There are 2 protein chains.
Amino acid sequence: MVKGARGSQRREEVLSRDRIVEVSIELLDQSGEGGLTFRVLSERLATGPGAIYWHVCNKGELLTAACDAMVARTMEECTVGIAPKITIRSLALGMFDAIDSHPWVGSVLASPEGQLPMVRILERLGQAVRALGVSDDAQWAVVGALLSYILGVGGQNAAHGQLARKRGLDRTEFLETVATMWSGLDPDEYPFTRSVAGRLRDHDDRADFLAGIDLILRGIDSPRGLAYP
Amino acid sequence: MVKGARGSQRREEVLSRDRIVEVSIELLDQSGEGGLTFRVLSERLATGPGAIYWHVCNKGELLTAACDAMVARTMEECTVGIAPKITIRSLALGMFDAIDSHPWVGSVLASPEGQLPMVRILERLGQAVRALGVSDDAQWAVVGALLSYILGVGGQNAAHGQLARKRGLDRTEFLETVATMWSGLDPDEYPFTRSVAGRLRDHDDRADFLAGIDLILRGIDSPRGLAYP
DNA sequence: ACCTGAACACCGTTCAAGT
DNA sequence: ACCTGAACACCGTTCAAGT
């Protein structure tokens, strides 16, 4: 009897919701959204599919919980600096990177299931914007703009990354491919896309993203509607 | 023999890729992303699943084609007005409404498969921004900001709509529900979210969206870095 | 060239039965 | 209370066979 040996056959830990979510995240990270399956999940947990349903209602709840855990972790890691602007930049970049390395987080956040984890981001962002001295009336608009910008650009960037990975290319190789494809489009129908193909080749997603955040932040500073009514 | 009668049993039209995409769009609109199935699709087309695979490689291609058709239609409908700004607003609002009434378009655009239909939007937006007289250097950044904003807010809005529908509520009822949930959050942990709960109740997604677009457009006008270096 | 439809490997979910 | 694992209804995809 080798019971107690570090075998993966017999579960030593008792099954718990947290443990299930933890392994779910591992699976999602390893093999994407298609990689999370009740069958391989229960295999890794050395149990049957039914056991998971004792702790979790359905797959949607599992995805939401995984996303929520990921977001909570990211929010924590983005230490609340002294200057609110630094906090905002850190939060934005933190989410950008989180979505980049865990693309499934982006999809869940964009889906109806993602509304709960979203509140975490809303809150942290909101506190920082408020600390910035933005008027009560403008806070909602500013936070909304930041949130949609972060999720929009983050998601788009992650989509690029996934496509690149699927074709076995790294970032620069992939941008190169897309750029040449754009250059090959019909000059009459796609003049603009052709003209920016070169710019695509040597741009930096992360830097562009931060530039956008700074643009929004700079917009907060300016005496709105005074200089340009 | 009732052959030729308007029965749905025997197909009269010959099967074609366009016809398949057309029916796919109907299914997606009727019952969401889960509603598109090779089984019900082949049923509606009065054929077998294998027949569809003659015209289409896989489900991903089907989704891309459906999304592309939808985007192309939207781009056409947003008539190119005389003033570029009017065109931009019309394009933005057109995509917002398209994603709102066809949420699956948003998901496909946000996924790796959506990169092809995306070029259509990029091009139209780009031509308008160029017509606005934006310098070559700034065009890429401006179009990128507009694109991510449109997709970000549009997707978020569609997610809200889907959640509302799933709970059998209309827009105002749903916002009411979310607002009261936000009000019930822990005052210590969620001060900001609680404080904006009221604002959520009586806000207008479409108006807020347009306001954001106008903000970006106004930003183009201002002599950048001159008044506020 | 185009279509048919049975078959395959898989999926989320359920549930009687065990401890 | 918590777990087991067979069973159910479904899914995307394939493919020999027909016309």
Side-chain angles (χ1 to χ4, degrees), chain A residues 1 3 7-28 30-67 104 107-108 111-113 162 166, chain B residues 3 7-28 30-67 104 107-108 111-114 162 166:
Chain A
M1 293 259 241
K3 193 188 163 199
S8 53
Q9 298 287 43
R10 273 277 152 264
R11 168 162 31 95
E12 287 161 29
E13 274 175 284
V14 77
L15 208 53
S16 73
R17 197 188 136 98
D18 281 353
R19 177 86 189 113
I20 293 173
V21 172
E22 187 186 335
V23 177
S24 297
I25 291 176
E26 285 174 24
L27 287 176
L28 286 164
Q30 277 170 23
S31 31
E33 302 181 56
L36 178 57
T37 285
F38 278 83
R39 245 156 284 251
V40 329
L41 186 55
S42 57
E43 211 170 296
R44 289 249 189 145
L45 290 164
T47 179
I52 295 166
Y53 277 92
W54 177 259
H55 299 273
V56 153
C57 282
N58 49 42
K59 192 174 180 179
E61 194 187 310
L62 211 51
L63 278 167
T64 312
C67 176
W104 53 272
S107 336
V108 177
S111 77
E113 276 90 30
Q162 282 178 283
K166 199 160 69 180
Chain B
K3 194 187 161 201
S8 53
Q9 298 287 44
R10 274 274 154 265
R11 169 161 33 92
E12 288 161 29
E13 273 175 283
V14 76
L15 208 54
S16 74
R17 200 187 133 100
D18 281 354
R19 176 87 188 114
I20 293 173
V21 172
E22 186 187 336
V23 176
S24 297
I25 292 177
E26 284 174 24
L27 287 176
L28 287 163
Q30 276 169 23
S31 31
E33 301 182 55
L36 179 58
T37 286
F38 277 84
R39 244 154 288 250
V40 329
L41 186 56
S42 56
E43 211 171 298
R44 288 249 191 147
L45 290 164
T47 178
I52 295 166
Y53 277 91
W54 177 260
H55 299 273
V56 153
C57 281
N58 50 40
K59 190 174 179 179
E61 195 187 310
L62 212 50
L63 278 167
T64 311
C67 177
W104 53 273
S107 336
V108 177
S111 78
E113 276 91 28
Q162 281 177 286
K166 198 161 69 181

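Treat the numbers as computed from the prediction; the structure is a model and nothing was measured. Every chain is numbered from 1 and lettered A, B, ... according to where its sequence line falls, protein lines coming before strand lines.
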Query - Nearest to side-chain heavy atoms of A:Arg39, which nucleotide of D:dA7, C:dA7, D:dC3 - result: D:dA7
Requested in this report: Please give the nucleotide sitting opposite D:dA17 as a Watson-Crick or G-U wobble pair, both distances under 3.5 Å, or none.
Outcome: none
Query raised in the report: Hey, is the main chain of A:Val40 close enough, under 3.5 Å, to the side chain of A:Thr37 for a donor-acceptor pair?
Result: no
Report task. Look at the side chain of A:Ala51 and decide which nucleotide, out of D:dT13, D:dT4, C:dA1, has an atom nearest to it. Result -> D:dT4
Requested in this report: For A:Ile52 and C:dT14, give me the distance from atom CD1 to atom C1', rounded to whole Å.
Outcome: 14 Å
Report task. With the side chain of B:Leu15 defined as its heavy atoms from C-beta on, choose the nearest nucleotide among C:dC3, C:dT13, D:dG12. Result -> C:dC3
Query raised in the report: Given that A:Thr37 and A:Gly50 both sit by DNA chain C, which one's nearest nucleotide is further toward the 5' end?
Result: A:Thr37
Query - Counterpart base for C:dC11, defined by Watson-Crick or G-U wobble contacts under 3.5 Å - result: none
Report summary line: From the candidates D:dT14, C:dT13, D:dC2, the one with an atom nearest any side-chain atom of A:Lys59 is C:dT13
Query - Nearest to side-chain heavy atoms of A:Val14, which nucleotide of C:dT13, C:dC3, D:dC3 - result: D:dC3
Report summary line: Picking from D:dT13, D:dA1, D:dT4, the nucleotide nearest the side-chain atoms of A:Thr47 would be D:dT4
**Report entry** Salt-bridge present (B:Glu113, B:Lys59; N to O < 4.0 Å)
**Finding:** no
Query - Atom-pair distance (CD1 on B:Ile20; C1' on C:dC2), nearest Å - result: 11 Å
Query raised in the report: Given B:Asn58 and B:Phe38, is the side-chain contact (heavy atoms from CB on, under 4.5 Å) satisfied, shown in steps?
Result: CA-CA 10 Å; B:Asn58 50 40; B:Phe38 277 84; 5.8 Å; no
Query - B:Trp54 side chain, from C-beta outward: closest of C:dC3, D:dC3, D:dG12 - result: C:dC3
Query raised in the report: With sugar-phosphate meaning primed atoms plus P, OP1 and OP2, does B:Leu36 contact a base, only sugar-phosphate, or nothing at under 4.0 Å between heavy atoms?
Result: sugar-phosphate
Requested in this report: To the nearest Å, give me how far apart CD (A:Glu43) and P (C:dG12) are.
Outcome: 13 Å
Query raised in the report: Hey, does the side chain of B:His55 come within less than 4.0 Å of C:dC3's phosphate (OP1/OP2), counting only N and O?
Result: yes
Query raised in the report: Is it true that A:Arg17 and A:Glu61 have a side-chain N and a carboxylate O under 4.0 angstrom from each other?
Result: yes
